[in-house]
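Residue numbers start at 1 and run along the sequence shown. Just so you know, these numbers use all the heavy atoms, side chains as well, and skip hydrogens, waters and symmetry mates.
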Amino acid sequence: MTQRRRPRLHALEATSLPAAHARARDARRRHPVVGDHAAVVVAEDLDLGSAPGRADTLSTLLRVAVFDEWVREFARRHPGGTVVELGPGLGDRAGRLGDEGPAHWVDVELPGVAELRRELLAGPAHLVAGSALDEDWLELARDLPGPHLVVSDRVLTLLPEQGVQRIVFTAARMLPGAELVTDLLSRGAAGRLAAGPLRELEVDWTCEDPRELEPWGLRLAASCDAASPPAEVAARLPRASRALAAALRATALRGERLARYEIVPV
């Protein structure tokens, strides 16, 4: 048996490993939540470390499932548009959605993870190696057909608040008509995660209500609790996953929300 290699990543880059572990384990199930088969290839090559707990695993999979649906919905409205995914980690949303996604993709990843993506996940997306706080990805996205959908799964929530506001303001100027989907953490949720999977990181800002972000230049279009996904997503979940989400809604998953915004042009 070939020995798997342990990637050398710094703390923020390493947050991609538990998420990849969760998707790989899900893909091997008879009734998966997401069915990201590329994650199995990644898990066979890399030592992804310890498996995340069941609450963290379910949170990861529910975020992926909801964001997949919101990307599909965007692509139905704008099939020739562009998705920009901030920090896709070792996930393969562009490859997984295929024709259900839009015509153009941009993935923005930190250098260590970007190198792994080049090795293991060659796909249709333009890959930008760098921070979401840099403007390189915005310049590339501006040159691709709009409108644009910016996807952030556990990325903006881990960046400094002023940096996130700057991303929104710059996107409003450079990508008119763009939309944003992101996860949000309440103070309680951030505290729980800081004692667990995010213990090596600092959460600079939290959000108790998705409308709190509207003064940043956002207009809320839809939101849900991570444990209460939209009906079209919930209907596809395996029965056991629906039951676990219901059981954890008021405890381990409380305060984790997902939101879709229109970025108000400036």
Side-chain angles (χ1 to χ4, degrees), residues 10-16 18-19 56 59-60 62-64 66-68 70-71 74 82-91 93 105-110 113-114 125 128-138 140-141 148-175 178-194 197-198 200-226 253 255-264 266:
H10 64 63
L12 189 56
E13 291 174 328
T15 60
S16 63
D56 294 327
S59 174
T60 295
L62 290 174
R63 294 197 310 271
V64 173
V66 173
F67 287 177
D68 278 359
W70 283 347
V71 170
F74 172 83
T82 298
V83 165
V84 181
E85 185 155 12
L86 306 180
L90 296 170
R93 180 170 280 116
W105 293 81
V106 177
D107 287 336
V108 184
E109 252 306 347
L110 294 169
V113 182
V128 177
S131 170
L133 294 171
D134 299 333
E135 291 193 10
D136 293 357
W137 64 270
L138 284 157
L140 173 60
H148 301 77
L149 175 66
V150 180
V151 179
S152 166
D153 184 352
R154 199 56 51 95
V155 173
L156 296 183
T157 48
L158 299 181
L159 294 178
E161 181 175 3
Q162 289 187 346
V164 178
Q165 292 174 340
R166 187 171 67 251
I167 289 171
V168 172
F169 178 81
T170 308
R173 176 172 52 84
M174 297 179 65
L175 307 176
E179 302 175 24
L180 167 69
V181 298
T182 185
D183 65 301
L184 301 168
L185 297 175
S186 70
R187 286 187 294 274
R192 287 195 305 273
L193 293 171
L198 301 183
E200 296 185 21
L201 301 171
E202 180 179 350
V203 178
D204 182 63
W205 63 280
T206 58
C207 177
E208 303 302 317
D209 183 327
R211 293 192 183 278
E212 292 177 10
L213 273 59
E214 290 193 325
W216 296 6
L218 298 170
R219 183 180 298 116
L220 183 65
S223 67
C224 65
D225 290 334
L253 297 183
E256 297 190 34
R257 296 189 63 82
L258 311 175
R260 180 165 60 88
Y261 296 95
E262 298 168 2
I263 300 179
V264 179
V266 294

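Rounding to the nearest 0.5 Å places CG of L156 at 11.0 Å from CG of L185. Atom CG in L220 sits 9.0 Å away from atom CG in L213 (nearest 0.5 Å). Taking OG1 from T15 and NE2 from H10, the interatomic distance works out to 9.0 Å, rounded to the nearest 0.5 Å. For the atom pair CG of L175 and OG1 of T82, the computed distance is 9.0 Å after rounding to the nearest 0.5 Å. The CD1 atom of I167 sits 9.5 Å away from the CD atom of E135 when rounded to the nearest 0.5 Å. Atom-to-atom distance recorded for Q162:CD and L133:CG is 11.5 Å, nearest 0.5 angstrom.
Looking only at distances, a side-chain donor or acceptor of E109 sits under 3.5 Å from a matching main-chain atom of G89. Proximity of a side-chain donor or acceptor of E256 to a complementary backbone N or O of D183 within less than 3.5 Å is not detected. Between the side chain of E262 and the backbone N or O of A221, no donor-acceptor pair lies under 3.5 Å.
Counting all heavy atoms, side chain and backbone alike, L62 lies closest to A226 at CD1-O, 3.2 Å. Of all heavy-atom pairs between V108 and G130, the closest is CG1-O, 4.0 Å. Minimum heavy-atom separation, D68 to R93: OD1-NE, 2.7 Å. Shortest non-hydrogen contact noted between A141 and V84 is CB-CG2, 3.8 Å. Across W205 and L184, no two heavy atoms sit closer than the pair CH2-CD2, 3.9 Å. When all heavy atoms are compared, the tightest approach of A190 to T206 is CB-CG2, 3.7 Å.
Crowding of R173 atom CZ: a count of heavy atoms from other residues, nucleotides or ligands under 6.0 Å exceeding 12. Atom CD of E214 sits in a crowded spot, with more than 12 heavy atoms from other residues, nucleotides or ligands closer than 6.0 Å.
Between F74 and V151, the closest side-chain pair of non-hydrogen atoms is not below 4.5 Å. Looking at heavy atoms from C-beta onward, V155 lies out of side-chain contact with T182 at the 4.5 angstrom threshold. F67 places none of its side-chain heavy atoms less than 4.5 Å from the side chain of L149. Here the side chains of W216 and V164 are in contact, with some heavy-atom distance below 4.5 Å. Contact of the V106 side chain with the V83 side chain is not registered, since no non-hydrogen atoms from C-beta on lie closer than 4.5 Å. A heavy-atom distance below 4.5 Å is found between the side chains of T157 and R154.
Under the side-chain hydrogen bond (donor to acceptor under 3.5 Å, both in side chains) criterion, D134 pairs with no residue, sequence neighbours left out. Under the side-chain hydrogen bond (donor to acceptor under 3.5 Å, both in side chains) criterion, R63 pairs with S59, D153, not counting sequence neighbours. For D209, the salt bridge (Lys or Arg N to Asp or Glu O under 4.0 Å) criterion is met by no residue, not counting sequence neighbours.
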*When you look at W70 and L258, which way does the side chain to side chain contact (heavy atoms under 4.5 Å, CB included) test go after all the steps?*
CA-CA 11 Å; W70 283 347; L258 311 175; 4.1 Å; yes

*Should V181 and V150 be marked as a side chain to side chain contact (heavy atoms under 4.5 Å, CB included) after you check the CA-CA gap, both sets of side-chain angles, and the distance that decides it?*
CA-CA 6 Å; V181 298; V150 180; over 6 Å; no

